[in-house]
Student: 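Before we start, here is the structure in question, set down as structure tokens.
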Amino acid sequence: MEWTLKESGIGAPRLHRSGKDSDPLIVLTAAAAVKLGLPERLEGHEQRRSLRLPEDHPVVKQVVKAKWLLTQRGFGPWARIYRKVQGRERQCVQLAVLSWDALDDRSWPGVTDMEPADIARVLGVYAQRVITPRGSTAVSGLELMTALRPPTRAVQDPQTGNWVPGHNPGSLGTEPMDPAPPEATPEHPVVVDSGWSGGFLNEEAYQWVRDVSLLSDEECTLPYAVGLDLNTAFLAAAARLVVGLSAPDHFHAPTFNPKIPGSWLVDLSHVEVDPRLPSPFTPDGTRPAGPAWYQTHTVAYAQELGYNVAPLEAYLRRETGAYLDPWHDRLKNAYVDTLADLGVTKDLSDAEFLAAMERHKDTDPAMAAVLAAIKATVKGGIGKLRERPQGRKYKEGERWPALQRPTWRPDIRAAVISKARINMHRKLRNMATMTGLYPLAVLSDCVVYPSPGDSPLDFLPYAASGKPQPGGFRLGPTPGLAKLEGVQSMLWAVDLMEQGYNPARHIKGGDAVLDEGE
């Protein structure tokens, strides 16, 4: 600790002038852990990541004896060791113990087994482009939001002239905020204590398969099923997304306003959608049966389709802002720059792009791992906005630790997912209008189309000039554009559909959603 803070020069400057510098991170290989008196592995029955050294372990005793403190989380795979702040200098070091599974293989594929110099390169590039890791990629995704929009800034006290911490406009502030009952989870105190039974927001990503009886003979005779995957669809949805910053207010029979973020109780069962497309209003693509809670983007889309909407109730927020904008910009740049390092650049033709994507993971395994970590940071950061209680001891109605964070905001998560799902539906509808093509299945940001050839170039809409038609799916390396997810035979896809499985889940070969963590 002494060496790290006084001599090493390790650390990173703050990402916002009102924020804090990043604490230095020291990563211990298995050999380093053993040399420092730590066990090579942590043993126990709990999930790996929740294991800790016992308080009577010699290293924990040494830390305490040297007048250092451990956070309440103790000495685990990601340990924080600190002393109380003296003057303006934070004295805090983060440790990551690789042989204790600090780097999850789904988010950091192959990194634990790399040579130390490569591990340093992977984490160094991630720290430079995203943030110094502070735990899982999900934790880092959330920390990045706060680092880019710190809750406080220095303001001058008019009475004394002294500089004191004041609210930073556009941030979520320092205090946690309870959601409206329909935005909460069923075990949340606002639901349990009030006996709320009015239903919940169900803004989740698509898991939809077309009814096999709606396949035409022409579709069934096409040889291929081609899967397209939208790059970091949640990140694309976070761009210029206006979310609520203040507490929710309850309204009865309000007039719908697409500019106000919130949750609306409204009946959308009258909206007609082609049965060969999923409903835009439900994750499973079935038509709503009556009134239900929806996020603003979902209701605005019904209006965009030309239908009248008459909300019965709403929970709306008066203070709003594009809270996630700096987060989106930083992660988008990180994603695009890392893909470019792997040979996938913006200036490629669509055919060159597909070829570059085919080999990008083999170009440089270290940078491919950074790319995977960036994608996991997006998904995990959005997921953490509605972190559920962990552990078997939890009782319904108790407050769990995540609720103490100002960033526990299920309404912001719902806004991102709602916008991503609506973006997907708009593209599906435009594709049907422009090409007469309908999807076989959608899973989150992956869609499968029947195709005459084994490439997206065989069915995507292009103008006579050779340029992609706007409004449909377009290939490319930026968030929201598409890449090839996988190709199988049409026969294979229909067979899965008949068995009730989703071809979008398996089009890559293997269980793509579990493999990708995306």
Side-chain angles (χ1 to χ4, degrees), residues 204-212 214-216 219-220 222-237 273-286 301 350 353-354 357 375 379 417-462 468-490 492-494 496-497 501-509 511-513 515-516 518:
E204 299 296 337
Y206 269 133
Q207 293 200 40
W208 169 84
V209 180
R210 195 184 340 160
D211 187 330
V212 182
L214 296 172
L215 292 173
S216 69
E219 286 176 314
C220 291
L222 287 169
Y224 294 103
V226 175
L228 290 175
D229 178 65
L230 295 182
N231 303 323
T232 56
F234 288 167
L235 186 59
V273 177
D274 189 306
R276 292 169 293 179
L277 292 177
S279 162
F281 310 124
T282 59
D284 65 1
T286 54
Y301 190 59
D350 283 1
F353 167 73
L354 290 171
M357 283 305 288
K375 294 199 301 197
K379 192 173 174 12
I417 297 177
S418 157
K419 188 175 162 191
R421 202 183 62 245
I422 294 307
N423 285 349
M424 172 65 94
H425 195 275
R426 195 180 284 112
K427 287 188 168 74
L428 297 173
R429 215 176 86 240
N430 290 342
M431 282 287 287
T433 309
M434 289 190 286
T435 64
L437 283 179
Y438 290 87
L440 301 176
V442 185
L443 182 75
S444 188
D445 40 20
C446 174
V447 54
V448 178
Y449 275 102
S451 170
D454 62 358
S455 163
L457 302 175
D458 295 316
F459 67 89
L460 286 178
Y462 290 88
Q469 292 277 25
F473 293 99
R474 289 177 50 193
L475 299 174
T478 48
L481 296 187
K483 57 181 181 286
L484 176 65
E485 177 75 359
V487 184
Q488 302 285 348
S489 74
M490 184 66 181
W492 168 93
V494 174
L496 277 188
M497 291 163 76
Y501 294 118
N502 189 327
R505 188 184 289 280
H506 305 279
I507 191 100
K508 200 173 193 171
D511 195 331
V513 167
D515 295 346
E516 280 295 281
E518 206 213 16

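As a basis for the values below, the full set of heavy atoms in this structure was taken, side chains included, without hydrogen atoms, waters or symmetry mates.
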Student: Find out whether Arg474 and Leu460 are in side-chain contact, i.e. whether some heavy atom of one side chain is under 4.5 Å from a heavy atom of the other.
Tutor: no
Student: Side chains of His506 and Tyr501 only: does a donor on one sit below 3.5 Å from an acceptor on the other?
Tutor: no
Student: Can you find a pair of side-chain heavy atoms, one from Trp208 and one from Leu428, that are under 4.5 Å apart?
Tutor: no
Student: For the residue pair Tyr206 and His425, categorise the inter-ring angle as parallel (less than 30°), tilted (30 to 60°) or perpendicular (more than 60°).
Tutor: tilted
Student: Show, in sequence, the C-alpha distance, side-chain angles and deciding distance for Leu484 and Val226, and conclude whether the side chain to side chain contact (heavy atoms under 4.5 Å, CB included) test is met.
Tutor: CA-CA 8 Å; Leu484 176 65; Val226 175; 3.6 Å; yes
Student: What I'd like to find out is whether the side chain of Ser455 reaches to under 4.5 Å of the side chain of Tyr224, using heavy atoms alone.
Tutor: no
Student: For the pair Asn502 (side chain) and Val442 (backbone), establish whether a donor and an acceptor sit closer than 3.5 Å, ignoring hydrogens and angles.
Tutor: yes
Student: Check step by step if side chain to side chain contact (heavy atoms under 4.5 Å, CB included) holds for Asn423 and Arg426.
Tutor: CA-CA 5 Å; Asn423 285 349; Arg426 195 180 284 112; 3.4 Å; yes
Student: Checking the side chain of Asp445 only, and the main-chain atoms of Phe234 only, is there a donor and an acceptor separated by less than 3.5 Å?
Tutor: no
Student: For the residue pair Val447 and Met431, establish whether any side-chain heavy-atom pair is separated by less than 4.5 Å.
Tutor: no
Student: Is the shortest heavy-atom distance from the side chain of Asp211 to the side chain of Pro275 under 4.5 Å?
Tutor: no
Student: Dump the intermediate steps for side chain to side chain contact (heavy atoms under 4.5 Å, CB included) on Arg210 and Leu215, then the final yes or no.
Tutor: CA-CA 8 Å; Arg210 195 184 340 160; Leu215 292 173; 3.7 Å; yes
Student: For Leu228 and Leu475: C-alpha separation, side-chain torsions, deciding distance, then whether side chain to side chain contact (heavy atoms under 4.5 Å, CB included) applies.
Tutor: CA-CA 9 Å; Leu228 290 175; Leu475 299 174; 4.2 Å; yes
Student: Under the 3.5 angstrom rule, does the side chain of Asp458 hit a backbone N or O of Pro452 as a donor-acceptor pair?
Tutor: no
Student: Does a side-chain N-to-carboxylate-O contact under 4.0 Å join Arg276 and Glu219?
Tutor: no
Student: Going by heavy atoms in the side chains, are Leu222 and Phe459 under 4.5 Å from each other?
Tutor: no
Student: Does Glu485 reach the main-chain N or O of Lys508 with its side chain, forming a donor-acceptor pair under 3.5 Å?
Tutor: no
Student: Tell me, yes or no, whether the heavy-atom count around Gln207 atom CD, taken from other residues, nucleotides or ligands under 6.0 Å, exceeds 12.
Tutor: no
Student: For residues Tyr462 and Asp350, is any side-chain donor paired with an opposing acceptor at under 3.5 Å?
Tutor: yes
